[in-house]
Protein chains: 2
Amino acid sequence: MSSIPAAVPAPPSGDEPRRGRPGYDQRQVLDIAVAAFIEHGYDATSMGVLAARLGLSKSAIYHHFPSKGDLLRLALDEALTALEGVLTAPEALQGRAADRLAFVLRGAVIVLVNNISYVTLLLRVHGNTDVERDALARRRAFDRSVTALVVEARDEGSVRSDIDPRIVTRLLFGMINSLVEWYRPGGPENTEKLADDILAVALDGLRTPTADRAG
Amino acid sequence: MSSIPAAVPAPPSGDEPRRGRPGYDQRQVLDIAVAAFIEHGYDATSMGVLAARLGLSKSAIYHHFPSKGDLLRLALDEALTALEGVLTAPEALQGRAADRLAFVLRGAVIVLVNNISYVTLLLRVHGNTDVERDALARRRAFDRSVTALVVEARDEGSVRSDIDPRIVTRLLFGMINSLVEWYRPGGPENTEKLADDILAVALDGLRTPTADRAG
DNA sequence: CGGATTACTGAACGATCGTTCACTTAGTAT
DNA sequence: ATACTAAGTGAACGATCGTTCAGTAATCCG
């Protein structure tokens, strides 16, 4: 029986004052739309309930975005651009494969936590429309890059060779991506400790570490 | 440009002939509905396109199920009942905690693979409706049982104690549940080998095993 | 044959969907 | 004041949604 909480447009927050009538800008609308998409699912979120959350009429949304699909497209692009940025950082391009892999995994955790709404939306997309299919293709390209890194680390002798690298990659991202299901900002863990824990489980497993196995 | 493939009701397959007019029974309709829900998403799957996949009229579906929500409810119940069955098997109730945990994890992999459509649907549910909220509650109860098992295994000394057992459990099911995103039956792996691989990565990590660490 | 049983049709319903359009409102810049 | 710009309103649109209903079709049993 909870009524829909209507948001309020944020003040311009320290910048020089914007021109025109005050209200939401594009980014603020997008943030609230993404939250609604996650809460109800993209298809189940009507422009009507979205407008109610914004405290606006439906037609006002079309002043900021040409269509509902464009809201989704921009949100997915945001998440993908952030993830792809990890792969192009210098630490992902030079050094031992094992170190590059660890950097990318840690970077994926951090990007996911820092953009959790947008990445959550990305991970719930399954190719319904052209917009979703394009996003899926970029996600797969990202996965392929990491798989190549796993292969390098295996050839280098850093990663076990008895399991298919594609399976290893998928299990790794299974762990990391599960963050969107349960991680909530402001919890006891900070991001660094969280990334440490995930890397520890991924690399050494959850069996009790034994003394005779130094890192 | 792919046209919608209309299914055909399966013949009674060896059993004694059914009474009444031949056609789909409830289970066959449910199977096809679940496949459609996965392909397009539950909300985006209209009764119209579902009817087209069945090769029936919309109203014919209401002969088998009272509503679209009931299709979802029965599908989710199927997945949950199968998963909960793992927890009540004898091997999950006696023995060392580490062995019980390994049995449950392996059992979860097998149930997931053997009921991949229904479990996929379950894992995509996020609490939109009462039906989905009930399913989520049962899923959380399942997770709590496994977390308790992880705690026992930790107290027993079998599982590392430097990471919160709830995080360990969530990472474990992050790996296992990711199967619905990439595992396809008929691939090179059989179910046993797959479960072995997942247990191996979960327990020992993906670092190259060293000789001085016997199991 | 007739009755029982199971499966299905076609048209229609009220509701809700995403989107459009002509118009208004509230601020800054000159 | 006037112009300009950004933001928002309210009514309406055609389409599609899940569901209902009265009637029909095809099989088995006796």
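Side-chain atoms are counted along with the backbone in the values below, which use heavy atoms only and exclude waters and symmetry mates. Chain letters run A, B, ... following the sequence lines, proteins first, then strands; residues in each count from 1.
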request  = Give the B/S/- string for nucleotides 19-30 of chain C, one per nucleotide from 5' to 3', where a protein heavy atom under 4.0 Å of the base yields B, of only the sugar-phosphate yields S, and otherwise -.
outcome  = BBB---BBBSS-
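A salt bridge between B:Asp25 and B:Arg27 is absent, with no side-chain N of the basic residue lying under 4.0 Å from a carboxylate O of the acidic one. With respect to A:Arg106 and A:Asp196, a salt bridge is recorded, a charged nitrogen being found less than 4.0 Å from a carboxylate O. Between B:Asp197 and B:Lys193 there is a salt bridge, since a side-chain N of the basic residue sits under 4.0 Å from a carboxylate O of the acidic one. With respect to the salt-bridge test (charged N to carboxylate O, under 4.0 angstrom), the residues B:Asp130 and B:Arg133 qualify.
The nearest whole Å value for the distance from the CG atom in A:Asp43 to the C1' atom in D:dC17 is 13 Å. B:Asp70 has its CG atom 13 Å from the C1' atom of D:dG18, to the nearest Å. Computed from coordinates, the A:Ile61 CD1 to C:dC17 C1' distance equals 13 Å when rounded to whole Å. Put simply, CG on B:Leu56 is 14 Å from C1' on D:dA26, counting in whole angstrom units. In this structure, B:His40 atom NE2 and D:dT16 atom C1' are separated by 16 Å, rounded to whole Å. For A:Leu50 and D:dG8, the CG to P distance is 12 Å, given to the nearest whole Å. For the pair A:Tyr24 OH and D:dT5 C1', the interatomic distance rounds to 20 Å; values are reported in whole Å.
Under 4.0 angstrom from either OP1 or OP2 of C:dA7 there lies at least one side-chain N or O belonging to B:His63. Taking only side-chain nitrogens and oxygens, B:His64 never comes nearer than 4.0 Å to OP1 or OP2 of C:dT6.
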request  = Given side-chain hydrogen bond (donor to acceptor under 3.5 Å, both in side chains), test B:Tyr62 with B:Asp70 step by step and report yes or no.
outcome  = CA-CA 10 Å; B:Tyr62 289 87; B:Asp70 284 276; over 6 Å; no
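Residue pairs meeting the side-chain hydrogen bond (donor to acceptor under 3.5 Å, both in side chains) criterion with at least one member in residues 167-184 of chain A, sequence neighbours excluded: A:Thr147-A:Thr169, A:Ser178-A:Trp182.
Along DNA chain C, the nucleotide closest to B:Val29 and the one closest to A:Thr45 are compared, and the more 5′ of them pairs with B:Val29.
When atom types are taken as modelled, the side chain of B:Tyr118 and the backbone of B:Val34 share no donor-acceptor pair closer than 3.5 angstrom.
Note on A:Ser57: a base of the nucleic acid sits closer than 4.0 angstrom, heavy atoms only.
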